[in-house]
Amino acid sequence: QVQLVESGGGLVQAGGSLRLACTASTRIFSFNRMGWYRQAPGKQRELVATITFSGTTDYADSLKGRFTIYRDITKNTLYLQMASLKPEDTAAYYCKANQLQGSGSTDYWGQGTQVTVSS
């Protein structure tokens, strides 16, 4: 069973930065795609950023330029560097990995890490 463990969340002032990490229990090259999602209280979970097996990245339009997704394959870890944080970035952030299996695929989720941005 694949496990994803997020870390790096916390309390930060507006304008500050945080780096989230998602460490996988298996080689991250086994994943077709990995990504970060977030969910604020009372809102639906939304896409933050994704990175494909080949390294192609994609971002939510509203977050381009402030957030950067990247990975370290030697550490089996996915990162999300967040800068110029705003109170509206406050949410639980989740790591997701998609793994192709035969004719289908499986999504794995981490347990989430809380990011709170104070004004």
Side-chain angles (χ1 to χ4, degrees):
Q1 180 72 10
V2 173
Q3 291 186 329
L4 303 172
V5 179
E6 299 103 331
S7 61
L11 175 64
V12 63
Q13 288 188 332
S17 300
L18 275 178
R19 187 181 74 165
L20 306 183
C22 170
T23 301
S25 60
T26 188
R27 295 172 64 234
I28 60 174
F29 261 178
S30 71
F31 301 127
N32 175 55
R33 182 187 303 268
M34 297 186 76
W36 288 97
Y37 293 74
R38 68 184 185 183
Q39 187 168 19
K43 295 187 177 182
Q44 289 188 329
R45 191 170 296 189
E46 63 177 359
L47 170 71
V48 173
T50 61
I51 184 167
T52 66
F53 171 84
S54 61
T56 301
T57 59
D58 192 22
Y59 297 89
D61 287 342
S62 62
L63 301 177
K64 288 180 180 178
R66 293 197 298 124
F67 288 14
T68 303
I69 187 172
Y70 64 100
R71 62 192 177 183
D72 185 336
I73 60 173
T74 66
K75 296 181 179 179
N76 291 323
T77 299
L78 178 73
Y79 297 97
L80 183 69
Q81 180 68 50
M82 305 185 292
S84 302
L85 284 163
K86 305 175 182 180
E88 50 263 44
D89 294 319
T90 295
Y93 284 71
Y94 297 89
C95 174
K96 175 185 172 182
N98 177 265
Q99 189 176 59
L100 298 178
Q101 297 175 338
S103 60
S105 66
T106 300
D107 288 335
Y108 300 97
W109 290 90
Q111 84 288 351
T113 186
Q114 180 67 36
V115 172
T116 302
V117 183
S118 63
S119 57

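Along the sequence shown, residues are numbered consecutively beginning with 1.
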Quick one: do Y37 and Y108 end up in the same hydrophobic cluster if we chain Ile, Leu, Val, Met, Phe, Trp and Tyr together by side-chain heavy atoms under 4.5 Å apart?
no
Residue pairs, two or more places apart or on separate chains, that pass disulfide bond (SG atoms under 2.5 Å apart) and touch residues 61-119:
C22-C95
What one should report as the nearest heavy-atom pair of Y94 and Q39 is CE1-CB, 4.2 Å
Mind checking side-chain contact (heavy atoms from CB on, under 4.5 Å) for S54 and listing every partner two or more places apart, or none if nothing turns up?
T52, T56
Going by the salt bridge (Lys or Arg N to Asp or Glu O under 4.0 Å) test, which pairs reach into residues 104-119, not counting sequence neighbours?
K96-D107
I'd like to check the side-chain contact (heavy atoms from CB on, under 4.5 Å) partners of Q114; sequence neighbours left out, ordered by chain and number.
T90, A92, T116
Would W109 and V115 show up in the same hydrophobic cluster when neighbours are defined by side-chain heavy atoms closer than 4.5 Å?
no
Distance in Å, I28 CD1 paired with R71 CZ, rounded so as to fall on 0.5 Å steps:
6.0 Å
Minimal non-hydrogen separation, V12 against G16, with atom names
CG2-CA, 3.9 Å
Under the salt bridge (Lys or Arg N to Asp or Glu O under 4.0 Å) definition, can you give me all pairs with a residue in residues 51-61, not counting sequence neighbours?
D61-K64
M82 vs L20 side-chain heavy atoms within contact, under 4.5 Å:
yes
Side-chain heavy atoms under 4.5 angstrom apart, residues restricted to Ile, Leu, Val, Met, Phe, Trp, Tyr: same cluster for L47 and L4?
no
With a sphere of 6.0 Å drawn around CD of Q101, does it hold more than 12 non-hydrogen atoms of other residues, nucleotides or ligands?
yes
Across all chains, not counting sequence neighbours, the side-chain contact (heavy atoms from CB on, under 4.5 Å) partners of S17 are Q81, A83
Spatial distance of atom CG (L11) from atom CD (Q13) [nearest 0.5 Å]
8.0 Å
Contact summary for E6 and G112, nearest pair of heavy atoms
OE1-N, 2.8 Å
Tell me the disulfide bond (SG atoms under 2.5 Å apart) pairs involving residues 25-77, sequence neighbours left out?
none
Per the salt bridge (Lys or Arg N to Asp or Glu O under 4.0 Å) rule, what does the pair list look like for residues 33-48, sequence neighbours excluded?
R38-E46, R38-D89
Do F31 and L78 touch side chain to side chain, with heavy atoms closer than 4.5 Å?
no
Sort and list the pairs that fulfil ring pair (Phe, Tyr, Trp, His ring centres under 6.0 Å) and have at least one residue in residues 57-85, not counting sequence neighbours.
Y70-Y79
Enumerate the disulfide bond (SG atoms under 2.5 Å apart) contacts for residues 25-62, please, sequence neighbours excluded, ordered by first and then second residue.
none
Is it true that L80 and L85 fall in one hydrophobic cluster, defined by side-chain heavy atoms closer than 4.5 Å?
yes
Sorted by first residue and then second, give each salt bridge (Lys or Arg N to Asp or Glu O under 4.0 Å) pair with at least one member in residues 108-119; sequence neighbours left out.
none
Are I73 and R27 packed together at the side-chain level, in the sense that at least one heavy-atom pair is separated by less than 4.5 angstrom?
no
I'd like to know if L100 and F29 are part of one continuous hydrophobic network [Ile/Leu/Val/Met/Phe/Trp/Tyr, side-chain heavy atoms within less than 4.5 Å].
no
Spell out, as yes or no, whether a donor-acceptor pair under 3.5 Å connects the side chain of Q111 to the backbone of V5.
no
Looking at every heavy atom in both P87 and S119, which two are closest together, and how far apart are they?
CG-CB, 3.9 Å
What residues form a side-chain contact (heavy atoms from CB on, under 4.5 Å) with T23, not counting sequence neighbours?
T77
